[in-house]
Amino acid sequence: MSILLTGGTGYIGSHTAVELLNAGFDVILFDNLSNSEEEVVDKIEKITGKRPLFVKGDVCNQKDLANVFADAKNQGNPIEAVIHFAGYKAVGESVEKPLMYYDNNLVGAIRLLEEMKKANCNCLIFSSSATVYGEENIAPFTEDMKIGGCTNPYGQTKFMIEQILKDAAFADKELSIVALRYFNPIGAHSSGLLSEQPKGIPNNLMPYIVQVAKGKLPQLNVFGNDYPTKDGTGERDYIHVVDLATGHLAALKYALNHKGIEAINLGTGKATSVLEVVSAYEKATGIKIKYEIKPRRPGDIAVSYADAGKAKSLLGWTAQYNVEDACRDSNKAK
Ligand code: WQD
């Protein structure tokens, strides 16, 4: 049985490929390489001893998708399920280029659903985000809360795709869909071979700290210390990317044996402040992180963390690593 990973050479896709291969699934990585490198395939092979199939293609291109399903079938190993990671994900860029985000992310999801149906593939795991909880809900976020009202087009695409999936699952009772709402993925594979490779100056906290630790950036700017939180800095639910990957494996096993649609949080259930992340990094690596307090970043909320109960009860999954583990692994990555 083969599993298609769109965006499979990216940060979360590549870590998930490792867990799927280790669990005995055949894996096809489908990626247009717009934000990743093909050499990730060699690294996955180095870690697992198994080589996933790589297909260069675009989720917005119906032909590319049709070919990947047809080729797998012709080789006697049809695609049973898809994990859909492919999509644009930079919050700031989405504010500047909203049409590009709506076009790529929404069209990609719709084309994929169409081609899955044609290939009689009914099982889909979708990369959603905690950003769908918007600004009004109060953490811990539970899956039954009203979603939407995201502060940027990137977040809106995740919300809209969840809505599309819900409507698709209502209309077609054969479909089995899990939308995984990621909290803040951090960390890297402990081998040091796979990691997040942001182009240019990072926007997110952990990649920024890594560059300060490596002397590539002079200091961390901490955005606001006047939030109603334990130390005034923003609190988030940071989840190790390997935990996120095992969460996908658990969701896949669930979806292969059920019908209908579920939204499930992937988080630890714990909130960690920016200054606590800085301390954890220093403790894990022995490297001092220079920082300065700056004004709040527009669009940020004070506190975001998951109620992780549904993932535990439905999937039997809980996060195993803590922020310090993630800091150690991030620091190892090349
Ligand atoms: C975390 C905390 C910042 C950088 C974003 C997206 C979300 C998801 C994950 C996925 C906040 C503070 C940050 C810095 C800082 N996207 N910070 N200095 O904003 O929670 O979530 O990434 O693809 O949709 O919105 O993550 O890592 O940017 O920020 O003080 O240089 O760190 O203010 O409190 P965020 P983040």
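Heavy atoms only: backbone and side chains are in, while hydrogens, waters and symmetry mates are out. First listed ligand is number 1; within each ligand, the first listed atom is number 1.
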Of the side chain and backbone of [X], name the one, both, or neither that has a heavy atom under 4.0 Å from an atom of ligand 1.
X    : result
V277 : neither
Y11  : neither
L205 : both
D300 : side chain

Measure the shortest side-chain to side-chain distance between [X] and [Y] over non-hydrogen atoms and say whether it is less than 4.5 angstrom.
X    : Y    : result
T157 : Y88  : no
E38  : F54  : yes
M116 : H84  : no
D329 : V241 : no

Check each atom of ligand 1 against the heavy atoms of [X] and keep those under 4.0 Å away; list them by number with element.
X    : result
N221 : 14 (C), 15 (C), 18 (N), 30 (O), 31 (O)
Y238 : 1 (C), 2 (C), 32 (O)
N184 : 20 (O), 21 (O), 26 (O), 35 (P)
K89  : 23 (O)
V91  : 6 (C), 25 (O)
S129 : 24 (O)
N203 : 4 (C), 28 (O)
G234 : 34 (O)

Looking at [Y] and [X], is there a salt bridge between them, counting it only when a charged N and a carboxylate O are closer than 4.0 Å?
X    : Y    : answer
K283 : E324 : yes
R296 : D226 : yes
K117 : E114 : no

Among all the protein's non-hydrogen atoms, which is closest to [atom], and how far away is it?
atom                    : result
atom 29 (O) of ligand 1 : R297 NH2, 3.4 Å
atom 5 (C) of ligand 1  : N204 ND2, 3.5 Å
atom 11 (C) of ligand 1 : R236 NH2, 3.8 Å
atom 30 (O) of ligand 1 : F223 N, 2.9 Å
atom 12 (C) of ligand 1 : V274 CG2, 3.7 Å
atom 24 (O) of ligand 1 : Y154 CE2, 3.2 Å

Q: Using non-hydrogen atoms of the residue, decide whether Y182 is closer than 4.0 angstrom to ligand 1.
A: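 The answer is no, since Y182 has no heavy atom less than 4.0 Å from ligand 1.
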
Q) Is there a donor-acceptor contact under 3.5 Å from the side chain of D243 to the main chain of Q320? A)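 A pair under 3.5 Å: yes.
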
Q.
Tell me if a side-chain donor or acceptor on S176 pairs with a main-chain N or O of A255 at a distance below 3.5 Å.
A.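 Side chain of S176 to backbone of A255: a pair is present.
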
Q) Once you round to the nearest 0.5 Å, how far does NE2 of H248 lie from CZ of F85? A)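 The CZ atom of F85 is 4.0 Å from NE2 of H248, to the nearest 0.5 Å.
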
Q.
Can you see whether Y182 engages S127 through a side-chain donor-acceptor pair at a distance of less than 3.5 angstrom?
A.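 The criterion, which ignores hydrogens and geometry beyond distance, is satisfied for S127 and Y182.
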
Q) For residues D325 and H240, is any side-chain donor paired with an opposing acceptor at under 3.5 Å? A)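 Judged by distance alone, the side chains do not pair up.
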
